[in-house]
Every structure is written in C-alpha cells, then in structure tokens.
Q: 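For reference, the structure I am asking about is given below.
All values reported here derive from a predicted model rather than from experimental measurement. Both backbone and side-chain heavy atoms feed into the values below; hydrogens, waters and symmetry mates do not. Positions are given from 1 along the sequence.
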Amino acid sequence: MVPLALSLPSRWESPSDDELARSELISALTAPQASISPKYFYDPLGSKLFEAICDLEEYYPTRTEACIFAAYRDEMAAAVGAGAVLIDLGAGNCAKAAGLFEVLQPRQYVPVDISAEFLQRSVQDLQRRFPHIPMQPLAMDFSAALDLPASVPQRHRLFFYPGSSLGNFDRQQAQAFLRRLRAALPPAGEGGGILLGLDLVKPMGVLEAAYDDALGVTAAFNLNVLNHVNRLLQADFNARDWRHVAFYDEAQQRVEMHLEARRDLIVRWAGGRRTFHMGERIHTENSHKFSEQGIRSMLQEAGFGQCRMWFDARRWFAVCHAQAG
Ligand SMILES: C[S@@+](CC[C@H](N)C(=O)[O-])C[C@H]1O[C@@H](n2cnc3c(N)ncnc32)[C@H](O)[C@@H]1O
C-alpha cells in the first residue's frame with residue numbers, strides 16, 4: 001500500500017504569504033469599487049457550502065458536466081491516453097477526478113487547492129479508496145503562479161480544470177492562466193494536455209437562478225467570505241449587515257455576485273477601516289460564460305493544439321480536451 005502523501009506544502013503557512021494575502025485584501029477593500037477575490041470563499045465552511053450548492057436544483061453546472069463525463073468518458077480517456085499525471089486544479093472534494101480514475105488510470109494524482117484543510121480530508125479519504133494511485137496534494141494559490149515541485153513529472157501531464165472555474169478570471173486573466181498552464185506542459189507530442197469544463201452562454205433566467213437559489217445556500221456561501229476575511233484581517237464585518245446580490249451582465253456574458261450593505265456602516269480591520277453607505281456593494285465573483293468558438297480561439301491563442309469538445313443535449317456546458325500544441 002502506498003503511504004499517504006499528505007505533507008501539504010502550504011503557501012499559507014508562510015508569514016510572508018499571509019502578509020501578501022492581507023495586503024491584497026486591503027487594497028481590494030479600499031479601492032473605489034470594493035472587491036474580495038472569489039478565492040477567499042474557500043475556508044473550511046465555504047468549501048462545504050460549495051458542495052451543498054452543487055446539490056441544488058437550480059445549480060445545473062455540476063449535474064450537467066457530470067452527464068457529459070458519464071456519456072463520453074471513454075472518448076475522453078482515448079483522447080488523453082492512459083497513465084497521465086493528473087493535476088486537478090481547484091480539486092475541492094476531488095470527486096470529479098475520482099470519477100475518471102477508472103478510465104484515465106492516472107500514473108499520479110496531484111490535487112491542488114487553496115482550501116488546505118478541506119483538501120487534506122478529501123485526499124485522505126480518496127487515498128484509502130485508491131491505494132494504488134500515488135497522490136501528492138498541494139495546498140496553494142495558483143492564481144498568480146503555478147510552481148509545481150520536481151516530484152510532479154512533466155511528461156504526460158494533464159491539467160484537469162472542471163466546474164467552469166476558469167470563468168472566475170476575467171477574459172485576459174483566463175488567457176494568461178491558460179498560457180501558464182501551456183508553459184508547464186511538455187513539448188508537443190509528449191502527451192501533455194488540458195481537460196476543461198466550461199459553462200456556456202444560456203438564457204438569463206437559468207443563469208440568475210443558479211447563482212441565487214431559493215434556499216439561500218449561495219447567499220450563505222457569498223456572505224461567509226466576510227467571516228473568512230474577518231479571520232485573515234482581524235476585521236469586524238457582520239454578515240447580517242450585508243445581502244447577497246447576483247445578476248447576469250449580458251454585455252460581458254458573466255454572472256456577477258456582490259454583497260450589498262443594508263445600512264451605512266464602518267468596517268474596521270487591524271490598521272484600517274472603510275465606510276460603506278447603504279446600497280454600496282463589494283464585488284465578490286464573476287462567472288464568465290463561454291461560446292464554443294470563444295473556447296477554441298482562447299485555447300489556440302494560449303498555444304494549445306488539437307481540441308475536442310463534448311456537450312450535453314441542451315448545449316449548456318462543454319468539456320474540452322486540448323493537446324499541448
Ligand atoms: C468552484 S470550486 C470547484 C471544485 C471542484 N473542482 C468542482 O469542479 O466541483 C473551486 C475550487 O477551487 C479552489 N480554488 C479557488 N481559487 C483557488 C486558487 N486561487 N488557488 C487554488 N485553489 C483555488 C477552491 O478552494 C475550490 O475547491
């Protein structure tokens with residue numbers, strides 16, 4: 001039995017990285033349009049709330065993507081080839097990758113996530129179920145750089161990035177992120193590639209319901225970011241002072257999530273403060289939606305080669321495999 005490889009090299013254990021996170025948060029909170037990066041949604045409770053969102057009637061992406069995987073997993077496995085080094089970006093509970101282990105037969109599984117505790121628990125369970133697959137979890141923020149250790153072989157790397165998480169970046173950042181992934185892959189012909197799940201443009205009503213469900217789980221997920229920020233900044237946000245707002249911006253083809261102040265208030269943190277007026281918003285997430293042609297051009301511009309795409313019957317979601325070109 002392979003020993004559990006659970007020494008999580010967490011960037012968050014280093015004081016300088018904590019400092020970096022604090023200064024990034026403060027400059028975003030004090031900008032004229034306040035914002036909090038969506039990566040701060042994922043403390044242990046945020047990760048659990050995201051799992052609950054995936055079970056909601058209104059949240060079609062997870063279910064729709066799962067149908068595409070179920071219908072085309074053999075074709076995907078043939079495109080990828082057996083024995084890949086499967087690098088799961090934003091692995092969460094690792095369930096999506098685990099569902100593909102049987103067909104992909106990865107040589108190594110490398111789940112990467114910013115939510116260190118949640119990742120650790122997920123991988124512990126997974127390693128018990130799949131003792132024959134070497135697993136190397138990495139707790140890190142990959143938004144600025146993706147520094148993979150030398151113990152992750154470059155040959156036949158497959159970046160797995162499902163759930164349309166790429167859509168949280170703006171279009172330029174997404175392009176730059178894909179370029180970084182391409183640079184971390186081997187030269188063309190050595191089996192490297194990317195398997196992406198992307199949400200497609202669809203009617204506004206479907207999109208807005210998916211990000212503002214009747215039970216208020218997405219609202220709780222959005223509000224919980226304030227509790228996380230309180231711990232990181234020693235701030236005094238009170239979630240009761242804020243309300244969840246989600247809407248589709250048709251021109252930008254993205255769903256935006258915000259937190260809106262219910263009254264005039266002052267938020268304080270170690271070394272600073274900001275006044276928010278009633279109705280003022282903190283922008284917490286963008287979820288860009290894609291078109292088939294847009295995906296193809298984006299991958300081509302990032303230096304990927306041959307691309308195959310699979311869709312559900314309603315064409316609400318796409319899974320795409322692109323080879324390192
Ligand atoms: C929307 S969830 C998707 C989880 C899972 N991959 C899925 O598709 O259901 C996004 C995941 O990415 C992780 N994440 C978000 N931003 C990240 C970042 N900058 N670096 C590393 N992980 C990140 C979160 O902790 C979370 O587990």
Side-chain angles (χ1 to χ4, degrees), residues 54 61-113 126 130 133 135-138 142 146 148 152-169 174-175 177-186 188-200 288 290 292 294-312 315-325:
C54 293
T62 310
R63 257 191 322 276
T64 310
E65 188 183 45
C67 287
I68 303 174
F69 284 133
Y72 301 108
R73 46 191 250 143
D74 292 331
E75 287 183 22
M76 290 175 196
V80 169
V85 175
L86 179 58
I87 304 166
D88 189 355
L89 298 172
N93 63 13
C94 306
K96 288 185 186 171
L100 295 175
F101 281 173
E102 193 190 326
V103 287
L104 290 184
Q105 298 177 26
R107 172 161 49 121
Q108 187 180 352
Y109 176 56
V110 185
V112 186
D113 207 290
L126 201 65
F130 298 94
I133 301 177
M135 298 187 184
Q136 187 175 356
L138 299 174
F142 53 61
L146 182 66
L148 295 173
V152 179
Q154 200 192 35
R155 200 178 154 75
H156 205 167
R157 279 183 183 173
L158 176 72
F159 285 115
F160 181 53
Y161 201 28
S164 206
S165 292
L166 185 72
N168 291 153
F169 293 119
Q175 194 67 54
F177 185 72
L178 288 174
R179 254 187 246 115
R180 282 205 296 280
L181 295 186
R182 174 61 195 90
L185 288 171
E190 289 188 22
I194 182 170
L195 189 62
L196 266 177
L198 292 171
D199 199 11
L200 302 177
H288 289 87
F290 298 87
E292 177 179 351
I295 296 169
R296 288 188 189 281
S297 325
M298 183 171 67
L299 285 164
Q300 198 183 8
E301 274 174 43
F304 286 90
Q306 202 184 335
C307 170
R308 269 203 76 175
M309 291 177 78
W310 299 270
F311 304 90
D312 58 296
R315 289 210 161 219
W316 276 11
F317 206 92
V319 174
C320 166
H321 174 256
Q323 291 176 353

Q: Quick one: NE2 on H156 to CD on Q108, what's the gap to the nearest 0.5 Å?
A: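 Rounded to the nearest 0.5 Å, the NE2-CD separation comes out at 13.0 Å.
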Q: Determine, stepwise, if the pair L89 / L181 fulfils side chain to side chain contact (heavy atoms under 4.5 Å, CB included).
A: CA-CA 10 Å; L89 298 172; L181 295 186; 3.8 Å; yes
Q: Heavy atoms only: give me the nearest M309-C307 pair and the separation to one decimal.
A: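 Taking M309 first and C307 second, the nearest heavy atoms are CG-SG, 4.1 Å.
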Q: Closer than 3.5 angstrom, by distance alone: can the side chain of H288 be matched with the main-chain N or O of D199 as a donor-acceptor pair?
A: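 No: the side chain of H288 does not pair with the backbone of D199.
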Q: Starting at CZ of F290, measure out to CG of L198 and round the result to the nearest 0.5 Å.
A: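 Reported to 0.5 Å precision, the distance equals 5.0 Å.
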Q: As an exercise, state the distance from CE of M298 to CG of L166, rounded to the nearest 0.5 Å.
A: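 Here the rounded value is 5.0 Å.
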Q: Report the relative orientation of the aromatic rings in Y161 and F142; use parallel for angles under 30°, tilted for 30 to 60°, perpendicular for over 60°.
A: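 Perpendicular.
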Q: Of the non-hydrogen atoms in H321 and G193, which two are nearest, and what is the gap between them?
A: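 Residues H321 and G193, closest heavy atoms: NE2-CA, 4.4 Å.
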Q: Which atom pairs, donor and acceptor, lie under 3.5 Å between side-chain atoms of residues 93-104 and protein residues at least two apart or in another chain?
A:
| unit_1 | atom_1 | unit_2 | atom_2 | d |
| --- | --- | --- | --- | --- |
| N93 | OD1 | A95 | N | 2.9 |
| N93 | ND2 | E51 | OE2 | 2.8 |
| K96 | NZ | E65 | OE1 | 2.5 |

Q: Using atom types as modelled and distance alone, determine if a side-chain donor or acceptor of R296 lies under 3.5 Å from a backbone N or O of E292.
A: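 Side chain of R296 to backbone of E292: no pair is present.
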Q: Taking all atoms of both residues into account, what is the closest heavy-atom pair of I68 and M76, and its distance?
A: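 Smallest interatomic distance, heavy atoms only, reads O-CE, 3.8 Å.
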Q: To the nearest 0.5 Å, tell me how far F159 CZ sits from I87 CD1.
A: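 That separation rounds to 4.0 Å.
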Q: Counting only N and O atoms by type, is there a donor-acceptor contact under 3.5 Å from the side chain of R315 to the main-chain atoms of L200?
A: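 Side chain of R315 to backbone of L200, a donor-acceptor pair under 3.5 Å: no, none is there.
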Q: What do you reckon, is CD of Q154 surrounded by more than 12 foreign heavy atoms closer than 6.0 Å?
A: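 Atom CD in Q154 is packed in, count exceeds 12.
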Q: Could you give the distance from CZ (R107) to CZ (R157), rounded to the nearest 0.5 Å?
A: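 So the CZ of R107 and the CZ of R157 are separated by 10.0 Å.
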Q: Is a donor on one side and an acceptor on the other found under 3.5 Å between the side chain of R182 and the backbone of G325?
A: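 Confirmed, R182 side chain pairs with G325 backbone.
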Q: Near E75 CD, under 6.0 Å, is it more than 12 heavy atoms from other residues, nucleotides or ligands?
A: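 For E75, atom CD is crowded (more than 12 foreign heavy atoms under 6.0 Å).
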Q: Show the nearest heavy-atom pair for residues L185 and G192, with the distance to one decimal.
A: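 For L185 versus G192, the nearest heavy atoms are CD2-CA, 4.2 Å.
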Q: Within the supplied structure, the quantity of interest is the number of heavy atoms (other residues, nucleotides, ligands) at a distance under 6.0 Å from Y72 OH; does it exceed 12?
A: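 12 or below, so no.
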Q: Where is the tightest heavy-atom contact between Q136 and V110, given as atom of each residue plus distance?
A: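 That closest heavy-atom pairing would be O-CG1, 3.3 Å.
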Q: Any chance you could measure S164, atom OG, to F317, atom CZ, to the nearest 0.5 Å?
A: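 Rounded to the nearest 0.5 Å, the OG-CZ separation comes to 5.0 Å.
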Q: Can you name the nearest heavy-atom pair linking L195 to W310, along with the distance?
A: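 Looking at all heavy atoms of both residues, the closest pair is CD1-CZ3, 4.4 Å.
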